[in-house]
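One structure below.
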Amino acid sequence: MNQPLQITLKTLTPLWTGGVGQTCDRLHETGLIGSLRWWYEALVRGLGGYACDPTSEKRCEYDPKKPDPPEKQLCAACYLFGCTGWARKFRLRVSNGQSLLPERNILIPSGRKHQTKKGERAGGWFVFNESRIGEIVLDLIPLRDANLEPICTILALISRHASLGPKGASGYGVIQAKDIVSDLAWLQRLDGQSPQRNQTLPDFRDFFFARFQFSEPKNREWWQTINGIRQAVNGQLEDGSSPSPLQQSKEKLEQLVNQGVLPLAPTIRNWLRYEWKHKLDSAATHFVFGEAQGVCPKCYQPGIKPDKKDPDKKKWCPNCRFIFDKDKEIPATASKLQVSYAYRINNQQWEFRIWGWIPCAGHPKERDAFLTQLQSALQGDSIWKFVFRQNNITPHMNEWHMLSCDQANGQAYLSDLLSGGNK
Ligand SMILES: [Zn+2]
Ligand SMILES: [Zn+2]
């Protein structure tokens, strides 16, 4: 497939690609390419190929003076997406869609407050007004003999089960790729062996995917009682305070709901992280749920400070009083669980997705048991009582996909994920 490829995406939840600062004034190709590369690496690793760790010392570099051809010097991901000395094999152009809201972000508060130099601030997650909705056209232009089939496979997989772009954990990036045909012939060029499930880097066999639906209640204001959204509607936390940047956002949220977008993700993540008795130790909790700032290597709590006696070399944890070398601090970690906003699929029904990457190697130690426990928590009552409050909404889990650690066949898992249904 050496032809230019045009793919039209329809957003179901807004797409966010990052940009300058916290804005997303337009769709930035780099954010989308980063996301596509991450998926491609995961697919390659799960299907018997090799994808290097682009952040490590062992990442690929192309040296034209060496006798080996590029495909021998580079891993599959670097060969397609580029690396030092080797250009990406395709160009991406992307149209802009429309911004979600005309002005200002909406904070969905977590309920926690943080002390900062500027005073008390409300913690939470933003609905970015400049995230993009509508129809988005991707133009993929192959350079030289590039094969773009993998990109189609990735978009088909994302379209059915996951989300696109860097902020999937916050609800963004559920898209529908129109008329996409995923031809899996490109898989034959990978080794084809089923490698062991021992990778600490993303391997798509370690991904799980769930999909939920619920009926919209008759009461028109049903969404206003949802935890987090209720506080954003009123512009007040439970204790009546209104720390910045929390603002009364009833009209804006109403506008979103009318557009078929309901920012449910923060509340679900809040429950999973803080209310659910998941039995993970603190290291595994940190790995699974992530943290936007560095944490203490002993108790995994944020808020660490320079040590007064040796502020250049040592840090101190106010939570457990541990003093440690600066370079032992555990850096900010991305959430492994992705939770989408809810999106309206017809007059009566809403849908959302929860998916993620939980590896068989590393944290948590009992990976399959953890996922089974997660599955049953998501089918229980307590989470939905917490999220929806008095509305008696219990979303139905329509789909659940995971591959237990004793299974290795990535091809079979991929075919299963791509078959059935139209989404
Ligand atoms: Zn590489
Ligand atoms: Zn500590």
Side-chain angles (χ1 to χ4, degrees), residues 30 33-90 112 114-115 143-148 150-151 154 186-187 189-191 193 195 199-204 273-274 280-311 313-333 363:
T30 46
I33 287 169
S35 179
L36 293 171
R37 178 177 184 134
W38 185 86
W39 277 94
Y40 186 53
E41 289 171 4
L43 281 173
V44 165
R45 290 188 196 111
L47 293 163
Y50 170 64
C52 70
D53 175 359
T55 64
S56 85
E57 305 266 293
K58 282 191 260 169
R59 64 179 178 263
C60 313
E61 243 178 68
Y62 178 62
D63 182 353
K65 290 190 220 87
K66 286 188 182 162
D68 282 341
E71 52 272 47
K72 284 260 153 45
Q73 288 190 39
L74 305 175
C75 75
C78 289
Y79 185 69
L80 184 58
F81 285 87
C83 60
T84 306
W86 183 252
R88 184 165 11 99
K89 298 207 71 171
F90 64 94
R112 288 176 293 281
H114 306 293
Q115 300 301 331
L143 306 170
R144 293 159 295 175
D145 58 339
N147 184 316
L148 299 177
I151 309 279
I154 291 164
W186 65 276
L187 301 180
R189 286 188 305 280
L190 298 172
D191 181 339
Q193 302 287 323
Q199 314 221 38
T200 50
L201 294 166
D203 169 336
F204 94 99
R273 172 144 204 177
Y274 297 103
L280 296 178
D281 61 26
S282 44
T285 302
H286 176 78
F287 177 81
V288 169
F289 297 100
E291 185 67 62
Q293 45 188 319
V295 299
C296 162
K298 194 169 164 197
C299 71
Y300 291 87
Q301 291 300 308
I304 43 183
K305 304 220 159 27
D307 180 43
K308 284 210 175 84
K309 287 191 199 115
D310 192 0
K313 289 197 193 120
K314 302 258 184 201
K315 290 208 163 186
W316 172 71
C317 170
N319 182 57
C320 72
R321 308 185 163 269
F322 184 47
I323 295 168
F324 51 93
D325 292 343
K326 214 170 166 177
D327 62 3
K328 294 284 189 304
E329 172 179 337
I330 296 179
T333 302
H363 296 297

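Residue indices begin at 1 and follow the sequence shown. Atoms within each ligand, like the ligands themselves, are counted from 1 in listed order.
In terms of modelled atom types and a separation under 3.5 Å, the side chain of D281 and the main chain of A284 share a donor-acceptor contact. Distance alone, capped at 3.5 Å, places no donor-acceptor pair between the E61 side chain and the C83 backbone.
The existence of a salt bridge linking K89 and D145 is confirmed by a sub-4.0 Å separation between a basic side-chain nitrogen and an acidic carboxylate oxygen. Between D53 and R59 no salt bridge is recorded (no basic side-chain N to carboxylate O distance below 4.0 Å). In this structure, R273 pairs ionically with E291, as a charged nitrogen and a carboxylate oxygen lie closer than 4.0 Å.
Annotation: protein N, O or S atoms under 2.8 Å of the Zn ion (ligand 1) (waters excluded) comprise C52 SG, C60 SG, C75 SG, C78 SG.
Considering only residues two or more places apart in sequence or on other chains, F204 meets the ring pair (Phe, Tyr, Trp, His ring centres under 6.0 Å) condition with Y413.
A ring-ring contact (aromatic ring centres under 6.0 Å, His included) check over residues 46-73, counting only residues at least two apart or in different chains, returns the pairs Y62-W86.
Counting only protein N, O or S atoms closer than 2.8 Å to the Zn ion (ligand 2) gives 4.
Figure legend: K315 and F324 shown without cation-pi pairing, the cationic atom not lying both under 6.0 angstrom from the six-membered ring centre and within 45 degrees of its axis.
Using a 4.5 Å heavy-atom threshold, the side chains of W39 and P202 count as separate.
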